[in-house]
Amino acid sequence: MRDLARQGSPWPDLIIVATDANCQGLHDRSRAISIPNIPVSVVLAIPDPHIERWLLLDGAAFRDVFGRGCSAPDLKCSRNRYKHRLTEAIRDTGRLPYFGGIEYAEDIVHHMDIDRAAQLDTSFRRFVEDLRRVFRRWQSP
């Protein structure tokens with residue numbers, strides 16, 4: 001962000017800052033991110049506690065990608081909990097998650113029902129609402 005601020009224009013249309021909450025909680029992790037005063041929309045994508053949980057929210061999307069669904073994740077903060085759950089869910093389908101399953105993120109998100117997933121997770125809902133707010137601003141004259 002500092003490099004971008006130093007660089008000046010041309011500015012991107014949108015910056016998405018993505019980082020796991022890592023058990024700090026959504027509010028505290030958001031406050032810890034320093035965003036300089038720049039003339040561009042910035043949206044925070046902060047999975048609470050980890051991004052792998054977001055990938056497990058929509059069992060139907062998981063089934064579309066892997067041919068078999070996964071159980072909805074609980075909400076507990078434990079280091080590597082969701083990394084292990086994602087890896088196990090993918091292994092249960094007969095595939096090998098060479099990079100912990102994150103290599104399938106694009107496929108899962110492509111099939112995801114964004115609104116349904118947003119109902120299941122506060123941090124995902126916040127990201128979706130913030131992103132949609134920016135998109136609506138772009139549509140307004």
Group every Ile, Leu, Val, Met, Phe, Trp and Tyr by side-chain heavy-atom contacts under 4.5 Å, then state whether Val128 and Leu75 land in the same group. no
**OP:** Determine, using the 4.5 Å side-chain heavy-atom cutoff (strictly less than), whether Val17 and Val40 are members of one ILVMFWY cluster.
**Re:** yes
Would a 4.5 Å heavy-atom cut-off, applied to side chains only, mark [X] and [Y] as touching?
X	Y	answer
Pro73	Glu52	no
Ile102	Leu55	yes
Asp107	Phe66	no
Leu14	Leu131	yes
Tyr82	Asp74	yes
Ile90	Phe62	yes

Residues passing the side-chain hydrogen bond (donor to acceptor under 3.5 Å, both in side chains) test with Arg116, sequence neighbours excluded, are Asp58
Looking at [atom1] of [X] and [atom2] of [Y], how far apart are the two atoms once the value is rounded to the nearest 0.5 Å?
X	Y	atom1	atom2	result
Ser78	Arg85	OG	CZ	11.5 Å
Phe124	Asp115	CZ	CG	9.0 Å
Thr122	Glu129	OG1	CD	9.5 Å
Lys83	Thr87	NZ	OG1	9.0 Å
Arg91	Leu86	CZ	CG	10.5 Å
Phe127	Ile16	CZ	CD1	4.5 Å

Next on the checklist: Taking atom CD as the centre, does Glu106 end up with more than 12 heavy-atom neighbours from other residues, nucleotides or ligands that are less than 6.0 angstrom away?
Outcome noted: no
Considering all heavy atoms of both residues, which atom of [X] and which atom of [Y] are nearest to each other, and what is their separation?
X	Y	result
Asp3	Arg6	OD1-NH1, 3.0 Å
Ala117	Met112	CB-SD, 3.9 Å
Asp121	Trp54	OD2-NE1, 3.1 Å
Thr93	Arg68	CG2-CB, 4.0 Å

Could you go through residues 41-51 and list every donor-acceptor pair under 3.5 Å that involves a side-chain atom there, pairing it with any protein atom two or more places apart or in another chain?
unit_1	atom_1	unit_2	atom_2	d
Ser41	OG	Arg137	NH2	2.8
Asp48	OD2	Leu26	N	3.4
His50	ND1	Asn22	OD1	3.3

Is any side-chain N of the basic residue among Asp20 and Arg53 closer than 4.0 Å to the acidic one's carboxylate O? no
